[in-house]
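These notes concern the structure reproduced below.
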Amino acid sequence: MQTFAQILSQKLNEALSKVVSSDDLPEGFQADIDQSQNPQFGDYQSNVAMVLAKRVKRNPRELAAEIIEAFEAGDICDAPEIAGPGFINFRLSSAALENRLADLLADAKKLGVGAAEPEKTIVIDFSAPNVAKPMHVGHIRSTIIGDSLARIAGFLGHKVIADNHIGDWGTQFGMILWGWKNILNHDAMEEQPIEELVRVYREVNSKAKADLHFRETCKGELVKLQGGDEENLAIWEKCIELSRQGLQKIYDRLDVHFDHWLGESFYNDQLGPLVEKLVEEGIAEESDGAICVFSDNKAEKKDDPFYKNENDEWVPLPFLIRKSDGGFLYGTTDLATVDYRISEFGADSIWYVVGAPQQLHFNQLFATTERRGIETDLQFIPFGSILGKDRRMLRTRDGESVQLVDVLNESVDRARAIIEEKNPELSDEEKADIAEAIGIGAVKYAELSQFRMTDYVFDWDTMLALKGNTAPYLLNAYVRTRAIFRKMGKDFEEGGEIKLTEQAEKNLVLKLAQFGEVVPSVLSDFRPNALAAYLYEVATSYHKFWEACPVLQSEGAVRDTRLMLCELTGRVLKCGLGLLGIRTIEKM
RNA sequence: GCGCUCGUAGCUCAGCUGGAUAGAGCAACGGACUUCUAAUCCGUAGGUCCCGCGUUCGAAUCGCGGCGAGCGUGCCA
């Protein structure tokens with residue numbers, strides 16, 4: 001199904017070709033159609049006349065008049081109007097909206113969202129927590145944004161592979177191994193393994209911060225692990241297993257799913273050969289005992305990730321792939337990971353949903369990959385930081401930061417309190433289920449409704465707000481669509497006559513029809529917040545419709561049509577919220 | 001020093017590829033509930049889009065130069 005924007009654009013380009021010869025147009029020129037911001041300017045608008053006026057040496061309004069003259073609207077819209085300096089405004093006809101309502105109801109699965117062309121295999125790397133450390137609020141962004149992008153890409157027909165590249169081989173294991181051997185409480189371990197692991201990590205970490213000599217002791221444990229020491233390997237494996245169980249609980253609660261958990265350790269045996277190969281190929285070289293990738297000097301210095309400027313002088317900034325002590329770095333692992341994802345998964349694209357501070361790392365990684373002759377599309381999808389009260393970054397290493405589980409629990413508790421107040425007659429079971437959906441949904445929506453690059457200070461009330469532009473608002477709109485059918489005593493049935501009479505109805509149909517325009521646009525710049533903003537507008541349009549248009553008291557075609565609007569709104573909200581990873585509920 | 005990101009209403013933030021009079025939510029004030037669940041709707045008030053210059057018919061958006069904040073800048077990830 002073509003979107004309104006696509007149909008109008010096609011017709012506009014046909015009209016344009018009759019008015020302006022293709023020789024006068026820039027190569028591959030396409031007239032664009034935009035959704036109008038203000039209803040007084042119609043539903044869609046084009047600025048093509050203003051864009052082209054100068055080039056064809058014409059007055060924009062005159063050019064617009066000729067384009068309109070040649071425009072064959074069919075029954076999709078009324079005659080376009082010229083406004084302002086040369087805008088062409090299109091107002092959809094009631095017939096077009098009525099037909100679209102029927103078409104969208106018939107398209108129950110995709111709701112007017114077309115498949116992406118071409119279909120690609122996309123590996124999405126997100127969440128990637130460190131093993132044996134608690135997931136804190138900082139992990140929420142990668143996890144929730146990545147999951148939403150995975151859902152959206154999948155909905156658009158791409159083959160999506162979600163890979164949790166967990167940190168299961170880092171330096172933290174030196175501390176954990178020492179802690180396991182020296183301060184582990186085995187009884188506590190039996191009862192609450194994750195909590196005990198976290199306690200041990202925190203205690204050793206704070207000891208290591210203060211004591212340089214002790215850090216060396218821990219490093220010794222790490223070296224033994226990396227050397228294949230059996231006792232340490234066994235402990236390491238146990239830690240990973242326990243951590244995975246703990247992480248899985250949170251992912252289940254968040255309804256986040258991975259196809260693979262290929263952590264750093266998975267690539268261990270590939271790192272040595274990879275480094276040697278890079279040296280052979282002349283891409284990497286030895287420097288101060290370490291193996292590094294330096295610039296190939298093909299780019300300008302200021303755009304070259306292998307240079308930095310110090311006191312007005314450009315000095316090499318290498319990408320380290322082997323330390324002078326022989327150890328490997330996360331850059332090495334990332335290079336190996338790219339290889340694996342291409343050879344084993346057939347990745348056309350790899351998306352990395354990782355915090356903005358790692359910009360340089362990915363610039364170097366991508367540049368190195370390109371120099372190896374790999375043409376796969378690599379996308380760094382950065383996000384801003386969650387800051388502490390002091391406006392400083394919440395550090396991964398800071399064992400004191402707020403844990404993700406606590407955020408979820410608090411959110412669910414707050415939702416529960418409001419349910420108790422507003423709907424005490426619900427059963428305990430219903431209350432618990434609704435509170436869970438609202439609480440988790442609120443956390444996700446808070447994250448997804450703002451631009452990913454925005455930094456913000458962690459604040460319980462901001463993140464867990466339940467009024468205004470929040471998950472409960474959208475869920476309430478959905479619940480209201482369901483309440484109608486519950487009251488009526490039966491589900492929606494196909495058929496019936498369509499007749500749009502009120503402006504609120506037309507506004508709602510138009511908004512619903514734009515689902516197919518919004519969803520694909522999210523991936524153009526990886527902005528799930530564009531979908532969130534759209535869904536908020538759908539909910540607002542529906543709430544306005546709800547106020548203005550009684551459904552069950554109306555009759556005939558008007559009633560049929562309104563029931564269709566309720567049904568379609570419900571479907572779009574459920575599907576759209578689903579793409580954000582937010583579950584809908586029938587009552588609240 | 002240099003690089004990246006950000007700077008929009010009292011507060012929290014939208015505003016992607018340049019479009020018409022810059023929008024939401026919260027907070028404030030004034031209205032609408034024996035309801036198809038008011039977790040809603042309607043209205044009022046609130047702006048030097050950090051500053052300056054430039055490109056353009058048109059700039060919050062693009063370019064250059066400042067100012068301010070955060071992050072990054074060779075052996076952690």
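A, B, ... follow the sequence lines: proteins, then strands. Residue 1 opens every chain.
- Taking CD from A:Gln503 and NZ from A:Lys544, the interatomic distance works out to 11.5 Å, rounded to the nearest 0.5 Å.
- The NZ atom of A:Lys302 sits 21 Å away from the P atom of B:U73 (whole-angstrom rounding).
- Separating the C1' atom of B:C6 from that of B:G46 is a span of 25 Å, rounded to the nearest Å.
- Closest to the side chain of A:Phe87, from the set B:U37, B:U40, B:A20, is B:A20.
- We find that CZ of A:Phe362 is positioned 13 Å from P of B:A77, with the value rounded to whole Å.
- Atom P of B:A20 sits at a distance of 29 Å from the matching atom of B:C4, rounded to the whole Å.
- Between A:Glu264 and the choices A:Leu271, A:Thr333, A:Val131, A:Thr332, the side-chain contact (heavy atoms from CB on, under 4.5 Å) rule is met once, by A:Thr333.
- Taking the six-membered ring where tryptophan is involved, the planes of A:Tyr542 and A:Phe545 are tilted, since the angle between them lies from 30° to 60°.
- Base contact: A:Glu547 has a heavy atom under 4.0 Å from a base atom.
- If you take CZ of A:Phe29 and C1' of B:U17, they are 14 Å apart, rounded to a whole angstrom.
- Remark: B:G54 base-pairs with B:C62; criterion is Watson-Crick or G-U wobble with both hydrogen-bond distances under 3.5 Å.
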Nucleotides 55-66 of chain B: protein proximity per nucleotide (B base, S sugar-phosphate only, - neither; heavy atom, under 4.0 Å): -SB---------

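- When both distances must be under 3.5 Å, the Watson-Crick or G-U wobble mate of B:C36 does not exist.
- Contact check, A:Gln37 against B:A20: no side-chain N or O comes under 4.0 Å of OP1 or OP2.
- The minimum heavy-atom distance linking A:Ala435 with A:Ala415 is given by the pair O-CB, 3.8 Å.
- Nearest-nucleotide positions on RNA chain B place A:Ser36 closer to the 5' end than the other of A:Arg322 and A:Ser36.
- Side-chain N/O atoms of A:Asn89 and base N/O atoms of B:A20 include a donor-acceptor pair closer than 3.5 Å.
- Rounded to a whole angstrom, the distance from the P atom of B:C16 to that of B:A27 is 27 Å.
- Base pairing of B:G43: its partner is B:C29, meeting the Watson-Crick or G-U wobble criterion (both donor-acceptor distances under 3.5 Å).
- Both stacking criteria are satisfied for A:Phe41 over the base of B:A20: a centre-to-centre distance under 5.5 angstrom and an angle between ring planes under 30 degrees.
- For A:Phe362 and A:Tyr352, the gap between ring centers is short of 6.0 Å.
- Put simply, A:Arg562 has no side-chain N or O that comes within less than 4.0 Å of OP1 or OP2 on B:C36.
- Here B:A24 sits opposite B:U12 as a Watson-Crick or G-U wobble pair (both hydrogen-bonding atom distances under 3.5 Å).
- In this structure, A:Asp461 does not pair ionically with A:Lys467, as no charged nitrogen and carboxylate oxygen lie closer than 4.0 Å.
- Scanning both residues, A:Gly576 and A:Leu535, for their nearest heavy atoms gives C-CD1, 3.4 Å.
- A stacked arrangement is not assigned to A:Tyr473 and the six-membered base ring of B:A39, the conditions of a centre distance below 5.5 Å and an interplanar angle below 30° not being jointly met.
- B:C4 is paired with B:G70 under the criterion used here, namely a Watson-Crick or G-U wobble arrangement in which both key atom distances are under 3.5 Å.
- A straight line from CD of A:Gln450 to C1' of B:A14 spans 10 Å, rounded to a whole angstrom.
- Taking the six-membered ring where tryptophan is involved, the planes of A:His361 and A:Tyr330 are essentially parallel, since the angle between them stays under 30° and well short of 60°.
- Using a 4.0 Å cut-off between a side-chain N of Lys or Arg and a carboxylate O of Asp or Glu, A:Glu436 and A:Lys431 do not qualify as a salt bridge.
- Going from the P atom of B:G7 to that of B:C13 covers 10 Å, rounded to whole Å.
- A:Asp461 places its CG atom 14 Å from the P atom of B:C13, with the value rounded to the nearest Å.
- Applying the 4.0 Å criterion to OP1 and OP2 of B:A14, one finds that A:Thr454 has a side-chain N or O inside that range.
- Mapping A:Pro550 and A:Asp325 onto RNA chain B via the closest heavy atom, the residue that lands nearer the 5' end is A:Pro550.
- Within the 4.0 Å cut-off from OP1 or OP2 of B:G23, not a single side-chain nitrogen or oxygen of A:Asn469 is found.
- For B:U40, the OP1/OP2 oxygens have no side-chain nitrogen or oxygen of A:Lys544 closer than 4.0 Å.
- The separation of B:C11 from B:C49, taken at their P atoms, amounts to 16 Å, rounded to a whole angstrom.
- Taking atom C1' in both B:C41 and B:A24, one finds a spacing of 16 Å when rounded to whole Å.
- Here the separation of B:A60 from B:G68, taken at their P atoms, is 24 Å to the nearest Å.
- Close to B:G74, at under 4.0 Å from its OP1 or OP2, lies a side-chain N or O of A:Lys308.
- For B:C36, the OP1/OP2 oxygens have no side-chain nitrogen or oxygen of A:Tyr542 closer than 4.0 Å.
- The separation between A:His361 atom NE2 and B:C4 atom C1' is 16 Å, rounded to whole Å.
- Between A:Lys422 and B:A39, a side-chain N or O to OP1/OP2 separation shorter than 4.0 Å is present.
- Applying the 3.5 Å distance criterion, the base of B:G25 shares no donor-acceptor pair with the side chain of A:Thr470.
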From CA spacing to verdict: side-chain hydrogen bond (donor to acceptor under 3.5 Å, both in side chains), A:Glu447, A:Tyr456: CA-CA 10 Å; A:Glu447 184 61 59; A:Tyr456 63 92; 2.9 Å; yes

